Amino acid sequence: METMLGRLGQVLRRRLRTAQESSTLVVKQKLPGVYVQPSYQSALMWFGVIFIRHGLYLDGVFKFTVYIPDNYPDGDCPRLVFDLPIFHPLVDPVSGELDVKRAFAKWRRNHNHIWQILMYARRIFYKIDTTSPLNPEAAVLYEKDIQLFKSKVVDSVKLCSSRLFDPPKIEDPYAISFSPWNPAIHDEAREKMLTQKTLEDQQCKSMQVSGLSWVKPGSVQPFSKEEKTLPT
């Protein structure tokens, strides 16, 4: 019994370590407008927010939660659920869950990564896909009545904005929350963030690039090319 419990503990620790390593990979990707924070309670639950800066969903601020399965990375694909259902063909109009499995039908260890799910969640707001929708109404309107579709999208964006300051749906000290701007609190934090960004930019410029990597257009799969060493 003790041996079995010991092995189970090792498996759980390995899976938690893998989830934590995935968090580090997400930070390195620097996905524009996407921010995530692992839960205090569990490394298998992440809180996030997406800021949409152009396109049909302009000014959208969409909070979400990523649920990582207990058997990660050997099991099913992680789930991504928006705090509020967004009017979109690929988002369930009741639960707010994004159809992640259309991009990751089978989760492959050492090939698929959580940062790819985040990139996919961002991309759906810039490239609309209406095949096999979770929200048929949104799909039909996008194809048949784009003006009404845009109107409903604007309403959806406004609803999310109006609920931005609501308490987090899950009680967790690391859950992402927003509050109205308070200069006495936020001005100092803003200056620290800008200073840190300047330092990071300077460090990046001084670093030597050892290779190149891309994500194929229309895909969430990465591929890379090592730097070739020139003959001397």
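Residue numbers run from 1 in the order of the sequence given. None of these values were measured; they are calculated from a predicted model.
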Do P180 and F165 have side-chain heavy atoms sitting under 4.5 Å apart? yes
Could you please spell out the steps behind the side chain to side chain contact (heavy atoms under 4.5 Å, CB included) verdict for W107 and Y72? CA-CA 9 Å; W107 190 259; Y72 180 86; 3.6 Å; yes
Do V81 and F64 touch side chain to side chain, with heavy atoms closer than 4.5 Å? no
May I ask you to decide if the ring planes of Y57 and F125 are parallel, tilted or perpendicular, using 30° and 60° as cut-offs? perpendicular
Walk me through whether R79 and T65 qualify under side chain to side chain contact (heavy atoms under 4.5 Å, CB included). CA-CA 8 Å; R79 298 166 53 231; T65 304; over 6 Å; no
Check the pair F82, L80 against side chain to side chain contact (heavy atoms under 4.5 Å, CB included), reporting the backbone distance first and the verdict last. CA-CA 7 Å; F82 291 101; L80 189 150; 3.9 Å; yes
Geometric class of the Y120/F104 ring pair [parallel <30°, tilted 30-60°, perpendicular >60°]: perpendicular
Under a 3.5 Å cutoff, is there a donor and acceptor pairing between the side chains of T131 and R102? yes
For I176 and G48, the nearest pair of non-hydrogen atoms, with its separation, is CD1-CA, 3.6 Å
Report the C-alpha separation of F62 and F51 in whole Å, then their side-chain angles, then the decisive distance to 0.1 Å, and conclude whether the ring-ring contact (aromatic ring centres under 6.0 Å, His included) test is met. CA-CA 7 Å; F62 306 129; F51 295 88; 9.5 Å; no
Step-by-step ring-ring contact (aromatic ring centres under 6.0 Å, His included) determination, F87 to F149: CA-CA 9 Å; F87 190 77; F149 176 84; 5.7 Å; yes
Please report the C-alpha distance between K63 and R163 in whole Å, then the side-chain angles of each, then the deciding distance to 0.1 Å, and finally whether the side chain to side chain contact (heavy atoms under 4.5 Å, CB included) criterion is met. CA-CA 10 Å; K63 292 194 289 184; R163 302 282 298 277; over 6 Å; no
Test of understanding: with salt bridge (Lys or Arg N to Asp or Glu O under 4.0 Å), list the residues that count as partners of E188, not counting sequence neighbours. K192
Between CD of E97 and OH of Y67, what distance do you get to the nearest 0.5 Å? 9.5 Å
Heavy-atom side-chain proximity of I52 to L58 below 4.5 angstrom: no
Is there a side-chain contact between K106 and K101 (heavy atoms, below 4.5 Å)? no
Does some side-chain heavy atom of S156 sit less than 4.5 Å from a side-chain heavy atom of H88? no
Between R109 and D74, does a salt bridge (charged side-chain N to carboxylate O under 4.0 Å, His left out) hold up when you go through it step by step? CA-CA 6 Å; R109 180 189 178 97; D74 300 313; 2.9 Å; yes
Which heavy atom in C77 sits nearest to a heavy atom in V100, and how many Å separate them? SG-CG1, 3.2 Å
Could you check if a side-chain atom of P89 sits within less than 4.5 angstrom of a side-chain atom of I128, using non-hydrogen atoms only? yes
Value rounded to 0.5 Å, distance of CG in L90 from CG in N135: 9.5 Å
Heavy-atom pair of closest approach, residues N71 and D76: OD1-N, 4.1 Å
Checking side chain to side chain contact (heavy atoms under 4.5 Å, CB included) against V66, which of L118, I117, V36 comes through? L118
Under 3.5 Å, sequence neighbours excluded: what are the donor-acceptor pairs made by side chains of residues 138-147?
residue : atom : partner : partner atom : Å
E143    : OE2  : T130    : OG1          : 2.7
D145    : OD1  : L148    : N            : 3.2

